[in-house]
Amino acid sequence: MNLDNCPRCGKLFSKNFRDVCPACIKEIDKEYELCSDYLRKNKGTNINDLSNETGVSVRQITKFVREGRISIVNAPNMSYPCEVCGTFIRDNNMCDSCRSRLISDTGKMRSEDARRAEELEAQKANQNIYKGIDRYKDR
């Protein structure tokens with residue numbers, strides 16, 4: 001039996017295919033119902049208004065959107081925060097500026113690794129030259 005503490009309420013529960021306890025699952029389902037009902041009636045709302053009106057946290061609403069439980073296709077003002085900077089976005093996990101910065105940083109890291117590898121190769125080549133010179137000195 002796999003026991004764990006619920007990350008939401010802290011109670012001990014038998015962990016199965018979900019990461020939260022059964023009581024929290026019911027609570028999350030109620031929060032989902034509140035959000036989906038409010039969105040059906042107010043299609044032009046944004047995530048902050050939805051959170052204020054329903055009492056459901058922005059984090060939980062974002063989780064609903066990322067899980068695909070709440071669709072933002074027909075809600076033009078709905079967006080959720082970027083995982084890195086918090087800028088509101090409508091698709092993916094990161095905004096364009098964070099994504100481009102990540103790609104740039106990855107490229108810099110790769111070029112730095114390649115430069116270090118070249119330096120190590122050059123050091124090894126120099127060591128071999130000195131070993132050869134030392135051999136001739138010993139004769």
Side-chain angles (χ1 to χ4, degrees):
M1 180 179 267
N2 223 358
L3 295 178
D4 201 0
N5 288 336
C6 177
R8 192 172 162 110
C9 68
K11 291 181 182 173
L12 191 64
F13 74 106
S14 173
K15 191 172 183 178
N16 48 25
F17 63 94
R18 297 194 100 174
D19 291 336
V20 293
C21 70
C24 287
I25 289 172
K26 287 180 183 176
E27 189 176 319
I28 290 170
D29 287 342
K30 285 180 185 174
E31 290 176 349
Y32 168 72
E33 290 293 325
L34 281 172
C35 289
S36 63
D37 289 343
Y38 186 82
L39 278 174
R40 279 189 206 113
K41 294 173 186 167
N42 305 293
K43 293 188 186 245
T45 190
N46 63 32
I47 196 165
N48 290 325
D49 290 342
L50 179 61
S51 176
N52 290 336
E53 293 297 323
T54 60
V56 179
S57 68
V58 171
R59 184 177 176 196
Q60 185 61 48
I61 296 169
T62 302
K63 195 171 181 181
F64 289 148
V65 172
R66 288 198 174 126
E67 289 173 346
R69 294 177 77 180
I70 291 178
S71 174
I72 60 172
V73 173
N74 293 328
N77 296 331
M78 278 292 289
S79 54
Y80 52 90
C82 167
E83 287 184 356
V84 178
C85 68
T87 302
F88 287 106
I89 54 177
R90 288 190 51 88
D91 56 352
N92 298 322
N93 294 330
M94 282 190 266
C95 64
D96 290 338
S97 65
C98 289
R99 188 177 310 122
S100 63
R101 188 176 59 229
L102 180 66
I103 290 169
S104 169
D105 289 350
T106 304
K108 286 178 185 174
M109 195 171 73
R110 285 184 182 156
S111 65
E112 182 71 22
D113 285 347
R115 187 184 61 76
R116 285 184 187 160
E118 288 175 7
E119 286 178 4
L120 283 175
E121 288 294 322
Q123 284 179 348
K124 286 181 182 178
N126 286 338
Q127 288 175 348
N128 288 339
I129 290 172
Y130 289 124
K131 284 180 184 176
I133 291 173
D134 289 342
R135 284 185 195 155
Y136 285 116
K137 284 181 181 177
D138 292 340
R139 289 184 184 180

Practice item. Could you check Arg69, Lys63, Glu33, Arg18 and say which one makes a side-chain contact (heavy atoms from CB on, under 4.5 Å) with Ile28? Key: Arg69
Revision key, fill the gap. Residue set satisfying side-chain contact (heavy atoms from CB on, under 4.5 Å) with Thr54, at least two apart, ordered chain then number -> Leu34, Cys35, Tyr38, Leu50, Val56
Exercise for review: Heavy atoms only: give me the nearest Cys21-Cys9 pair and the separation to one decimal.
Suggested key: SG-SG, 3.6 Å
Review point. Is a donor on one side and an acceptor on the other found under 3.5 Å between the side chain of Asn77 and the backbone of Gly44?
Key: yes
Review point. Do Arg101 and Met94 come within less than 4.5 Å of each other through their side chains, counting heavy atoms only?
Key: no
Practice item. Spell out, as yes or no, whether a donor-acceptor pair under 3.5 Å connects the side chain of Asn46 to the backbone of Asp49. Key: yes
Study note, to complete from the structure: Across all chains, not counting sequence neighbours, the side-chain contact (heavy atoms from CB on, under 4.5 Å) partners of Arg110 are Thr106
**Study point:** Closest non-hydrogen atom pair, Tyr80 against Asn92
**Key:** OH-O, 2.7 Å
**Study point:** Asp113 CG to Lys108 NZ distance, which is reported to the nearest 0.5 Å
**Key:** 14.5 Å
Check your understanding: Do the side chain of Arg90 and the main chain of Ile72 share a donor and acceptor less than 3.5 angstrom apart?
Key -> yes
Check your understanding: Side chains of Asn93 and Arg66: does their closest heavy-atom pair fall under 4.5 Å?
Key -> yes
**Study point:** Check: Glu31 and Phe64 side chains under 4.5 Å, non-hydrogen atoms
**Key:** yes
Exercise for review: Report the residues that fulfil side-chain contact (heavy atoms from CB on, under 4.5 Å) with Glu118, sequence neighbours left out, ordered by chain and then residue number.
Suggested key: none
Review point. Could you give the distance from CD (Glu121) to CZ (Arg116), rounded to the nearest 0.5 Å?
Key: 15.5 Å
